[in-house]
Amino acid sequence: MTGSVHSWDISTGVDGPGTRFVVFTAGCPLRCLYCHNPDTWQRRSGTPTTADELMARIKRYRRFIEIAGGGVTVSGGEPLQQPAFTGEILRRCRELGLHTALDTSGFLGERATDAMLADTDLVLLDVKSWDPRTYRRVTRAGLSPTLRFARRLAELGTPTWIRFVLVPGLTDAEENVDGLAAFAATLPNVEHVDVLPYHRMAEHKYAELGLPYPLPGVEPPDAALLERVHAQFRAHGVTSR
């Protein structure tokens with residue numbers, strides 16, 4: 001079992017509970033305007049890595065992440081572009097007793113088998129926008145697959161954190177946020193929504209790849225906008241952070 005792995009990292013608090021070993025797979029079908037990992041778009045940008053090789057590396061950190069109350073997160077790129085490899089890593093980590101998380105846009109959610117989701121303790125579901133037109137503008141793709149996957153996770157009772165990137169002038173419209181908040185309120189498995197402020201820290205990656213930066217001049221959201229958005233989620237009874 002071999003996959004294309006772009007990189008790995010140790011993170012705390014952003015990719016699931018506790019301190020986590022995060023695997024970044026290579027390849028993604030979306031082209032989000034605010035993507036901070038354009039270097040993971042192509043599968044060829046990764047390194048062919050066997051499941052055995054990756055698990056050997058994870059095992060080196062096993063004791064550390066257990067003590068820190070963490071686990072393993074498979075991210076990307078889009079891990080469901082490599083469903084067999086992703087499922088194998090989640091299964092093996094679960095067998096080791098490690099908490100497992102899958103970070104996905106849900107666009108390829110139909111590739112996630114019930115067996116894979118049974119080995120997944122938490123899904124980090126990136127919902128780019130509630131408004132379909134804005135979603136297509138942001139990603140060049142359609143919203144429906146993500147919503148179907150979200151409802152499937154709810155039916156399975158899979159714990160889920162929704163992640164929403166707040167971009168001034170792009171995803172911040174009140175009706176867009178309100179729609180997402182209302183939808184999240186219908187999903188009993190959603191523990192909270194992570195409102196992620198847009199940032200420009202990836203500009204240098206675009207320059208290195210010879211790509212124009214998609215959002216020139218767009219600044220991160222200010223405190224007032226963040227509070228307004230959090231208030232909208234609260235109004236629907238949805239916890240956000």
Side-chain angles (χ1 to χ4, degrees), residues 1-11 14-16 20-61 72-93 100-113 115-117 119-120 123-129 135-146 149 163 165 167 196 198-216:
M1 180 69 68
T2 301
S4 180
V5 174
H6 178 270
S7 55
W8 62 272
D9 199 2
I10 300 294
S11 75
V14 294
D15 298 296
R20 308 188 69 80
F21 186 104
V22 184
V23 181
F24 296 95
T25 59
C28 183
L30 305 184
R31 292 294 179 268
C32 298
L33 292 177
Y34 54 70
C35 180
H36 60 277
N37 288 321
D39 46 337
T40 67
W41 286 348
Q42 306 297 333
R43 283 191 64 169
R44 64 177 178 269
S45 68
T47 301
T49 305
T50 67
D52 287 343
E53 290 170 335
L54 183 55
M55 291 307 302
R57 185 174 293 277
I58 289 171
K59 287 175 182 177
R60 294 178 201 165
Y61 293 86
V72 175
T73 298
V74 185
S75 184
E78 172 51 68
L80 293 181
Q81 194 157 308
Q82 302 181 56
F85 180 73
T86 294
E88 180 73 3
I89 298 305
L90 291 169
R91 181 185 65 81
R92 292 199 193 187
C93 289
T100 57
L102 173 67
D103 180 9
T104 176
S105 72
F107 182 70
L108 299 178
E110 292 182 354
R111 297 188 180 186
T113 64
M116 178 195 293
L117 295 176
D119 288 325
T120 304
V123 172
L124 308 175
L125 182 61
D126 302 309
V127 182
K128 317 292 184 175
S129 168
Y135 191 95
R136 187 166 292 279
R137 180 184 171 199
V138 171
T139 68
R140 301 185 192 174
L143 171 63
S144 296
T146 294
F149 187 57
R163 310 219 288 186
V165 179
V167 186
L196 306 177
Y198 162 76
H199 60 73
R200 300 173 61 175
M201 291 187 288
E203 280 188 277
H204 72 282
K205 291 185 179 181
Y206 286 84
E208 290 168 0
L209 293 168
L211 298 172
Y213 188 68
L215 298 173

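Values below: all heavy atoms of this structure, side chains included; hydrogens, waters and symmetry mates excluded. These numbers were taken from a predicted model, which means no experiment stands behind them.
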Ser45 and Ala26 have their tightest heavy-atom pair at OG-CB, 3.8 Å
Side-chain donor or acceptor of Thr40 paired with backbone N/O of Gly27 under 3.5 Å: no
Is the backbone N or O of Thr25 less than 3.5 Å from a side-chain atom of Glu78, with the two atoms forming a donor-acceptor pair by type? no
Under 3.5 Å, is there a donor-acceptor pair between the side chain of Ser105 and the main chain of Asp126? no
Min side-chain heavy-atom separation Leu209-Trp41 under 4.5 Å: no
Show your reasoning for whether side chain to side chain contact (heavy atoms under 4.5 Å, CB included) applies to His6 and Asp39. CA-CA 8 Å; His6 178 270; Asp39 46 337; 3.2 Å; yes
Could you tell me the separation between the CE atom of Met1 and the CD1 atom of Ile89, rounded to the nearest 0.5 Å? 8.5 Å
Which pair of non-hydrogen atoms, one from Pro29 and one from Leu108, has the smallest distance, and what is that distance? CG-CD1, 4.0 Å
Does any non-hydrogen side-chain atom of Pro83 lie less than 4.5 Å from one of Met116? yes
Are any side-chain N or O atoms of Arg20 and backbone N or O atoms of Ser11, one a donor and one an acceptor, separated by less than 3.5 Å? no
Lys/Arg-Asp/Glu bridge criterion (N-O < 4.0 Å) met for Asp52, Arg57: no
Between CG on residue Leu54 and SG on residue Cys93, distance to nearest 0.5 Å: 7.5 Å
What pair of heavy atoms forms the shortest contact from Cys35 to Ala202, and how long is it? O-CB, 4.3 Å
What about the rings of Tyr198 and Tyr34, do their centers lie closer together than 6.0 Å? no
Does Leu102 offer a backbone N or O that forms a donor-acceptor pair with the side chain of Thr104 under 3.5 Å? no
pair Pro79-Phe85: side-chain heavy atoms closer than 4.5 Å: no
What are the two closest non-hydrogen atoms of Leu124 and Thr73, and how far apart are they? CD1-CG2, 4.2 Å
Looking only at non-hydrogen atoms, find the nearest pair between Leu30 and Tyr135 and report the distance. CD1-OH, 4.2 Å
So, do Phe21 and Trp8 have ring centers that fall under 6.0 Å from each other? yes
Arg140 atom CZ: more than 12 heavy-atom contacts under 6.0 Å: no
Side chains of His36 and Met201: does their closest heavy-atom pair fall under 4.5 Å? no
Student check: side-chain heavy atoms of Pro212 and Tyr206 closer than 4.5 Å: no
Does the side chain of Arg111 reach to within under 4.5 Å of the side chain of Gln81, using non-hydrogen atoms? yes
If I take atom CE from residue Met55 and atom OG1 from residue Thr50, how far apart are they, to the nearest 0.5 angstrom? 11.0 Å
Given the rule in the salt bridge (Lys or Arg N to Asp or Glu O under 4.0 Å) test, do Asp103 and Arg163 qualify, once you have shown the distances and angles that lead to the verdict? CA-CA 10 Å; Asp103 180 9; Arg163 310 219 288 186; 2.8 Å; yes
Pair Thr2, Thr49 - check side chain to side chain contact (heavy atoms under 4.5 Å, CB included), show working. CA-CA 5 Å; Thr2 301; Thr49 305; 5.7 Å; no
Does atom CD of Gln42 have more than 12 heavy-atom neighbours from other groups under 6.0 Å away? yes
Looking at side-chain heavy atoms only, is the closest gap between Leu117 and Phe149 below 4.5 Å? yes
Side chains of Ser4 and Thr47: does their closest heavy-atom pair fall under 4.5 Å? no
Could you tell me which residues satisfy side-chain hydrogen bond (donor to acceptor under 3.5 Å, both in side chains) with Lys205, sequence neighbours excluded, listed by chain and number? Asn37
Which value, rounded to the nearest 0.5 Å, describes the distance between Glu203 atom CD and Tyr213 atom OH? 5.0 Å
Minimum heavy-atom separation for Ser75 to Val22, with atom names? CB-CG1, 4.0 Å
